[in-house]
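Everything quoted here is computed from the prediction, not taken from an experiment.
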Amino acid sequence: PSRAHLFLCILRDFSRAIISSMGEGLFVVGKEYKVIMMNKTAEKLLHISASEALGKSLTALVSVFKDDKELLPDERPLGKTLKTGESIMFNIEDNISIVVPSSGVKFFAALSTTPLLGNGVTGAVAVFRDVSDEKKLNDSKTNFISIASHQLRTPLTAIRWYSEMLISGDAGPLSDDQKQFMNQVYAGTTRLIDMVNLLLSLARIEGGRVKIEPFKIDIVDFAKGVVQELEPLIQEKNLKVKVLEPDAKIPAISLDPSMLRQVVSNIISNSIR
């Protein structure tokens with residue numbers, strides 16, 4: 001054999017060795033979605049042998065779900081890559097799961113797909129790995145934050161309520177020093193409640209439980225309302241906060257007021273502090 005042929009053989013064997021030793025599963029499919037190659041890790045993860053898969057359509061071998069909804073062939077990452085020629089990546093947060101009907105295997109996956117380009121898109125490569133354990137750990141962390149935050153919020157709300165009563169003199173008059181100390185307790189409790197609410201919001205976002213409920217609001221009246229809510233904090237710092245109204249009336253805007261209130265309130269309260 002010629003040196004060029006020998007070099008190509010060595011390169012081919014070297015490439016096969018790399019693909020076989022990969023820690024991720026790998027599929028190569030042709031334009032018709034038929035399997036051209038799969039590595040040992042893919043065989044192990046899916047419980048499908050390469051001899052069984054080669055030449056068959058991947059859609060007949062594996063089902064792909066997103067958020068418990070099965071994706072049609074054109075909606076799958078490989079299908080999109082074959083159709084558009086774009087590289088696609090899904091991470092643990094995307095809730096992609098792979099199901100193998102023949103073996104009953106099911107697991108959450110992180111995966112990426114890349115087109116094979118020649119005269120147009122001639123095929124695609126998919127690399128994937130099982131992230132089920134990582135997802136369980138991530139969900140446990142989110143659930144822990146949510147539960148801990150709820151448990152903390154109840155006693156903190158009680159502390160703030162009793163602080164308000166003492167500051168207002170409901171339990172009798174306070175000396176100047178006592179009132180100053182209680183104001184510090186009240187301010188510290190309010191900051192802790194804000195932090196707990198932030199943790200709850202983060203837990204909802206990570207868990208995909210955030211619901212956007214927009215409706216039309218007057219943004220100027222909304223801003224004035226937020227400033228009014230923060231008036232005790234503004235007075236405590238001896239500051240003045242003024243909402244500058246525009247010359248022209250702003251039309252009603254469709255927004256989620258609770259989420260926007262968190263954003264605006266955080267910006268203003270941080271500025272005051």
Atom [atom1] of [X] and atom [atom2] of [Y]: how far apart are they, to the nearest 0.5 Å?
X    : Y    : atom1 : atom2 : result
Q178 : M182 : CD    : CE    : 9.5 Å
L111 : R76  : CG    : CZ    : 11.0 Å
T113 : I88  : OG1   : CD1   : 4.5 Å
F65  : I96  : CZ    : CD1   : 11.0 Å
D256 : I217 : CG    : CD1   : 9.0 Å
L71  : T59  : CG    : OG1   : 12.5 Å

Original post:
Side chains of S175 and D177: donor-acceptor distance under 3.5 Å anywhere?
Top reply: no
Subject >> Shared hydrophobic cluster, I268 / V263 (ILVMFWY, side-chain heavy atoms < 4.5 Å) >> reply: no
Subject >> Co-membership, hydrophobic cluster, residues L137 and F107, 4.5 Å side-chain >> reply: no
**OP:** Could you work out the complete set of other residues in the hydrophobic cluster of M165, with links drawn between I, L, V, M, F, W and Y side chains under 4.5 Å apart?
**Re:** W161, Y162
[X] versus [Y]: any side-chain heavy-atom pair under 4.5 Å?
X    : Y    : result
T122 : K31  : no
K80  : E86  : no
F128 : L46  : yes
F181 : V185 : no
V35  : F27  : yes
L230 : S265 : yes

Contacts table for residues 232-255: side-chain donor-acceptor under 3.5 angstrom, sequence neighbours left out:
unit_1	atom_1	unit_2	atom_2	d
E245	OE2	K224	NZ	2.5
K249	NZ	D218	OD2	3.1

**OP:** Over all heavy atoms of both residues, which pair between K106 and V99 is shortest? Give the atoms and the distance, please.
**Re:** CG-CG2, 3.7 Å
**OP:** Specify the closest pair of heavy atoms between N95 and K135, including all atoms of both residues, with the distance to one decimal.
**Re:** OD1-NZ, 2.5 Å
Original post:
Can E134 and R129 be counted as an ion pair, charged N to O under 4.0 angstrom?
Top reply: yes
**OP:** Before accepting this row, confirm whether a basic side-chain N of the pair E75/K66 lies closer than 4.0 Å to the acidic partner's carboxylate O.
**Re:** no
**OP:** Test R160 against E164 for side-chain contact (heavy atoms from CB on, under 4.5 Å), laying out the working first.
**Re:** CA-CA 6 Å; R160 185 172 66 175; E164 288 176 350; 4.1 Å; yes
Original post:
Passes side-chain contact (heavy atoms from CB on, under 4.5 Å), V121 versus T81? Steps please.
Top reply: CA-CA 9 Å; V121 179; T81 296; 5.7 Å; no
